[in-house]
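The structure appears below as structure tokens.
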Amino acid sequence: MEGGRSGNNSTPIIDKTRVLDVEPLRTLVPVFPSSSNAPPFGPYSSGFAPFYPFSAPQGSQATPDLNQQTHTTPAAPLRSFRATESYEDDFDGEYESYDGSTGSAKRKPKSSSQKRARKIQDLDFTLSVDENNFVVGVSLSERDDGNREVVHSIQMRFDALRRRLSQLEDAKESPAGIIRRADLKAGNILMTKQVRTNMRKRIGTVPGVEIGDIFFFRMEMCLLGLHAPSMAGIDYMSVRNDLEEEPLAVSIVSSGYYDDDAEDKDVLIYSGQGGAANKDKGATDQKLERGNLALERSLRRGNEVRVIRGMKDSVNQVSKVYLYDGLFRIQESWVEKAKSGCNIFKYKLARIPGQPDAFGVWKSIEKWREGLSSRAGLILPDITSGAESMPVALVNDVDEEKGPAYFTYVSTVKYSKSFKLTQPAYGCNCRNACQPGNLNCSCIRKNEGNFPYTANGVLVCRAPMIHECGPTCPCFPNCKNRASQTGLKARLEVFKTKDRGWGLRSWDSFRAGTFICEYAGEVIEKVSQVGEEGDGYVFDTSHVYESFKWNYEPGLVEEDGSIEAIEEPNVPSPLVISSKNVGNVARFMNHSCYPNVFWQPIMYENNNESFIHIAFFAMRHIPPMTELTFDYGKSRSGEAAADGGSTSRGRRKCLCGAPICRGYFG
DNA sequence: GGATATTCATGTAT
DNA sequence: CATACATGAATATC
């Protein structure tokens, strides 16, 4: 736990001087807050019992007690907006999430929204109420206090907008040297439109955000109320004591800019802000003000501080990923001499026990990467036998089963005959790599003129069909319009679930829109060809799938007017793929009614024939070791059977455990 | 209430 | 590939 970094430095650094002489509070209360007449609340006096294990489905009820506690936290910010009773009644639960969980959002009757509009005006909240877009959708009470659905919804809307803004920027002739910040633009737009939650600052848990959640931009955490500053590392709020006001720290981001020590998963040595690290103006002593003062006061008060750890993304080394690691308490503080010779503050934070592992999981994965010997339950280092660009481990740490039934691993789909299409199949004529915005590229034209992927390879929008460059296109193999053809990018593993057979998960995190894998197998004529639904190893585009909204909201991007593009998949004729005998990792992906992965048909031509592939993309950000799931849909025959027909074959009881579980699938 | 200072970001160039 | 640097947006504070 002793940081090797400070240990091997010849100059003595540690100077455990107390930071300042703050008088101890008259009433020294170990838990926050002290200025309340509220009945028993005691954050965490009851422990963390309701927490789910890290890999459990992240349902909205995952942390009910904590959220409730948060509600009762008497320390309201001084300028917090207090909703009236009637107000909350009107708005509670009025909106549904628009993501996959609830299908397409249904609007309430008009009277309700009129009432809404009027009330909003009364309260001087600026909000464009437009029945045709999704700007509306975060109720006033949800802006104050979030929940799981709202958090997911806002995250998805942020990233959809960010991706679309990136796409538009990519397509422009770049004026060289201009810095494109679609994250800031998207964040700013949503802030302005009040598409945000947990605006009321608070100590402790933020409802709707769970330990282990990941983010790829600071603006995401602003919108969710997890960490309000867009750059600063320390977030704090003014809290009223018996007589006076004092700043208390609510959350910190540790991401390597300062020389923090994050060797131990349960301890963080955090540096104060300002002064020493200010490379522009030269180093100065840090001052006991702003965030530093808040941390010092929080040490005295003993309140919980949220910790967000930022680190390099294991897949995309230039980008950063932020992990919400839960609540910590500050144990001590001291002053150190930095290399520059100036004083900096140091704060030692200890993770509050009983919380689910988050950073600890990341640390374990680091070890596995160095050598698989440390991986408990490892059966096979690579079930693909080298067929994929990345090995796929086979792991079982729940029972004695030694692996799934035999099958032949292939990395792509096998057609017995080509799809007959009316339009002639042809590729583009681009030389090196197809350039976004270049409408001479026929592959781009097939995608309505939009380049389907951003510069870092993330899918921008779902569409009925995505057209990629194919093997006979003359552009280079690294053309960005081949995102689904360049193999696995993440370290996946097939693992034994507790009650749903084998499943699929990843050592690497995925950001929303990342290609994960395709569905490989044999294209077959009819489901009956494999019999008994092929024991579930069948992908069938003719199933009935829940619709869901994933793309950006056109109303937020002027160029698009108000026309909303269709995003549901559309395959010319039903495509059925069996992975029973021949398949890839996708055959292990289980069904969920609240999935984190979706499928997207992708077409590219080869030898003058077009072929459709089924590609899987991350629906939202997926932390490592989270099971990957998609919606299997309902078979039409299953529906007929349910209506009173014969044998309801293929229809299986669902064990996904999501709060919105439909009860069965297939 | 508006302007300013502060800040563990980002993307691009070198 | 690590570092430089130009441009940022939210918030607290004046």
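Per chain, numbering begins at 1; letters A, B, ... match sequence-line order.
Ion pair A/Asp159/A/Arg164 not flagged as a salt bridge, since none of the NZ, NE, NH1 or NH2 atoms sits closer than 4.0 Å to an Asp/Glu carboxylate oxygen. A salt bridge between A/Arg202 and A/Asp145 is present, with a side-chain N of the basic residue lying under 4.0 Å from a carboxylate O of the acidic one.
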Pairs under 3.5 angstrom only: tabulate donor-acceptor contacts from the side chains of residues 224-234 of chain A to other protein residues two or more places apart or in another chain.
from, atom 1, to, atom 2, distance (Å)
A/His227, ND1, A/Ser251, OG, 2.6
A/His227, NE2, A/Arg218, NH2, 3.4
A/His227, NE2, A/Ala232, O, 3.0

Review item, side-chain donor-acceptor pairs of residues 451-460 of chain A, under 3.5 Å, at least two apart:
from, atom 1, to, atom 2, distance (Å)
A/Tyr453, OH, A/Glu468, OE2, 2.5
A/Thr454, OG1, A/Asn456, OD1, 2.6
A/Thr454, OG1, A/Val458, N, 3.3

Dot-bracket for DNA chain C, please. Rules: Watson-Crick or G-U, both distances under 3.5 Å, ( ) within the strand, [ ] when a pair crosses earlier ones, | for another strand, . otherwise.
.||||||.||||||
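Of the two residues near DNA chain B, A/Gly272 and A/Ser319, the one whose nearest nucleotide lies more 5' is A/Gly272.
Residue ring and nucleobase are stacked for A/Tyr270 and B/dC8, with a centre distance beneath 5.5 angstrom and an angle between planes beneath 30°.
Side chain A/Arg290 to base B/dT6: no donor-acceptor pair is found below 3.5 Å.
Residues of residues 221-229 of chain A having a heavy atom closer than 4.0 Å to DNA chain C, listed by number: A/Ala228.
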Between A/His621 and A/Phe216, is the ring-ring contact (aromatic ring centres under 6.0 Å, His included) condition met? List the steps.
CA-CA 8 Å; A/His621 305 330; A/Phe216 290 84; 4.8 Å; yes
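By the side chain to side chain contact (heavy atoms under 4.5 Å, CB included) test, A/Pro247 pairs with A/Tyr236, A/Leu293, A/Ala294, A/Arg297, sequence neighbours left out. Judged as a salt bridge (charged side-chain N to carboxylate O under 4.0 Å, His left out), and not counting sequence neighbours, A/Lys489 has no contacts.
Phosphate contact (OP1/OP2 of B/dT10, side-chain N/O of A/Tyr322, threshold under 4.0 Å): present.
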